[in-house]
Amino acid sequence: MSEVFSYLWLIPALPLLAATVTAFFGPRFLKHNSHWPCVASVALSALLSFAVFFAVRGTFHEGPPPLGERANTVFKTYYTWFEAGTPGTPDHLQVGLTLRADPLTAIMLITVTFIGLLIAIYSIGYMHDDPGYPRFFAAVALFITSMTLLVLGDNFLVLFAGWEGVGLCSYLLIGFWYSKPAAAAAARKAFLVTRIGDAGMLLGISLLWFKCGSLQYDAVFATLPALKAAQATEPWLLTAICLLLFCGAAGKSAQFPLHVWLPDAMEGPTPVSALIHAATMVTAGVYLVARCTPLFSAAPDAQLVVACIGGFTALLAALIALTQTDLKRVLAYSTLSQLGYMFLALGSAVALEDGAEQPLVILAVTAAIFHLHTHAFFKALLFLSAGSVMHAMGGVIDMRKFSGLKKVMPTTRWTFLCGAVALAGLPIFSGFWSKDEILAAAYEASHVSKPFGGVYIVLFLAGLITAGLTSFYTFRAYFMTFEGEEKIPHEAGHHAHESPPVMTVPLQILAFFALFIGLILGPTHLFGGFLEKTPDLPKTVEEGHNWILMLGSTLFALAGTGLAYYFYLLKPALPALLATRLQGLYQLSYNKFYIDDLYDFFIVKPLVGAADFTRIFDKVVVDSLVDVVGEMPPLVGALLRPLQNGLVQYYAVTMMIGLTMLLIALARS
């Protein structure tokens, strides 16, 4: 299997080729067959990703690795991308197009390519009559290219190239229906908000190069002792590097306060929402922080910020999701909340100061990546199920306009329910195993982190409350959509029906994994045992589950499910009554805590006002000055015109006067 590493470059190259072919030949030649290059290339990339996974398992070494290898890691340098500075000097920088395969990379590759493949197949049915069909599949293939390059890169600059490619593709896909003003505005918003985080990330990468002299992961992590030693004179250095890198992660993974772009991204086609929320863009930030675990575990202040931002985002987004009526928007805020869980876990990777084994570090990182993996399956399933509902309801996605769809759409109903029980964390389904590991990491951090133990206890309790809220809003969406009296909006006409097999088969495959992938990988410790062999992550002995904690989180999840059942099936008039009586709290949640309005008031409007001022200043002042300068030559000409009388004698006298004045000036000097 080791020869598969020679073909690492094909994993991003095949979708790139498909994107190029579809973009150039799709509109004219392929037309409604434009999905074939995308689907075929992503399928091949997925097969190669599985091959890489099994090959990486075969590279594990019990003793020192062979010469020229790193333990449990294979890397290939294809060529030098660029080189700057003088070789042998501190300012020398050489960046190669180097790809890396290790356990963390293998897990991310499988997640991206396999789920991306199912979404691409589903899109064949969802987008079948769209005039932009070729453009859609070209952008999807480019999206997969960018994300696979991001996770395969062996240095921060290759990662950043894929990072920016993902940002570009999100802009293209969120604004796919560019003639729709809301879609165009959402694409601009996503692009601009994430650029804020990317600017911080680029500063962090620059600081790493300045202090470490390299951007390759292993070389950077090898300088950690020197960076720690430098804290005596520069105590801010390591914390600043980590926080700047986290800026990029917070932007891409939509963490407070850079979370405002993600709910508006629903304006793109539903498969785009599934692709962004499940397998690609929003997981990039989680991957970045996990990859940089050695840096973050050495900067406890930065880790505390990561944990606090993650815990706050998880709770805030869950509170907002309670009252949303757009099915896709409920799922969007759910994604924000689950991403917050992942960052809560990563921020709980507290290292011991005495240099002993670090079981909490690997527990926390494993919990975050495990939840990323399980979340990718059930969130893709939920979004695609919502797209199936939207497809059947004539584009309507407001849950107040339809209900009781279980007979009209039985397959979609059951697959959505599978995603719901996984997201809610009900035993024994996927979310149950991965979410409880996150809560366990936060709880353990409260004991390990002596100065911040109280903060981690608060974050643990916030995560526990969020678990109950997640279960409530998830089953609220299920009950409002599929249970109760059947109601079909007029936009659907009289032909509301189940989606075609090209859409329902991917749903069924995702449903199986959403239910059982956690059970297969969680209690068996297969996931953690594989991931902990990633270089630069500490090794630890296998630990059991905290059954008391799991029981507590299960009770919260069951309570949320029971409340949703009581409110929306047994007493369907009760939610409206409570909303009336608790109008202030209801409006606070429904209006997203007015965060978008605050952005608009304090940032958008002042910037628009400044732009209007500069436009008026340019038109009135700058343009007027230019006009005045333009009028000067004719004015000077008018003043000098009497001197141009055509008499040679007059010109001779003028020349003599000028010469005399020049001679006088020279004589005085």
For Met390 and Lys328, run side chain to side chain contact (heavy atoms under 4.5 Å, CB included): C-alpha distance rounded to whole Å, both residues' side-chain angles, the deciding distance at 0.1 Å, then the answer. CA-CA 9 Å; Met390 192 175 180; Lys328 288 173 62 178; 4.1 Å; yes
Just checking, any donor-acceptor pair under 3.5 angstrom between side chains of His371 and Gln338? yes
A side-chain contact here means heavy atoms from C-beta on lying under 4.5 Å apart; do Ser388 and Tyr122 qualify? yes
Aromatic ring centroids of Tyr456 and Phe460 under 6.0 Å? no
Is any side-chain heavy atom of Ser123 less than 4.5 Å from a side-chain heavy atom of Val140? no
Any side-chain heavy atom of Glu498 sitting closer than 4.5 Å to one from Pro410? yes
Derivation and outcome, side chain to side chain contact (heavy atoms under 4.5 Å, CB included), residues Leu469 and Leu315: CA-CA 8 Å; Leu469 296 176; Leu315 183 59; 3.8 Å; yes
Indicate the atoms forming the closest heavy-atom contact of Ala386 with Leu331, along with that distance. CB-CD1, 4.0 Å
The criterion is salt bridge (Lys or Arg N to Asp or Glu O under 4.0 Å); which residues satisfy it with Lys406, sequence neighbours excluded? Glu483
Between Glu486 and Lys407, is the closest basic N to carboxylate O distance under 4.0 Å? no
When you look at His259 and Phe256, which way does the ring pair (Phe, Tyr, Trp, His ring centres under 6.0 Å) test go after all the steps? CA-CA 5 Å; His259 68 286; Phe256 178 86; 5.7 Å; yes
Hey, is CH2 on Trp414 packed in by over 12 heavy atoms from elsewhere, all under 6.0 Å? no
Walk me through whether Gln255 and Leu339 qualify under side chain to side chain contact (heavy atoms under 4.5 Å, CB included). CA-CA 8 Å; Gln255 294 298 284; Leu339 289 167; 3.5 Å; yes
Pair Lys252 + Asp198, salt bridge at N-O below 4.0 Å: yes
Would you say Met281 and Thr194 make side-chain contact, with heavy atoms under 4.5 Å? yes
Atom pair CZ (Phe416) and CE (Met409), whose distance is rounded to the nearest 0.5 Å: 11.5 Å
Leu423 backbone acceptor or donor facing Lys379 side chain under 3.5 Å: no
Look up atom CZ in Phe530 and atom CG in Leu521, then write down how far apart they are to the nearest 0.5 Å. 11.0 Å
Centre-to-centre under 6.0 Å for Phe378 and Phe429, is that the case here? no
Are Tyr126 and Thr270 linked by a side-chain donor-acceptor pair shorter than 3.5 Å? yes
Minimum side-chain heavy-atom gap Leu384-Met503 below 4.5 Å: no
Are Phe246 and Phe296 near enough that their ring centres are under 6.0 Å apart? no
Start with the C-alpha distance between Ser589 and Thr323, add both sets of side-chain angles, then the distance that settles side-chain hydrogen bond (donor to acceptor under 3.5 Å, both in side chains), and finish with yes or no. CA-CA 6 Å; Ser589 171; Thr323 57; 2.8 Å; yes
What I'd like to find out is whether the side chain of Leu262 reaches to under 4.5 Å of the side chain of His277, using heavy atoms alone. yes
Any heavy-atom pair between the side chains of Leu531 and His373 that's under 4.5 Å? no
Rounded distance [0.5 Å steps], CD in Glu437 versus CD in Glu444: 12.0 Å
I want to know whether Phe176 and Phe136 have ring centres closer than 6.0 Å. yes
Answer whether the closest heavy-atom distance between the side chains of Tyr333 and Tyr473 falls below 4.5 Å. no
Aromatic ring proximity Phe513/Phe377, centre distance under 6.0 Å: yes
When Pro263 is tested against each of Leu336, Asp326, Ile320, Thr335 for side chain to side chain contact (heavy atoms under 4.5 Å, CB included), which residue passes? Leu336
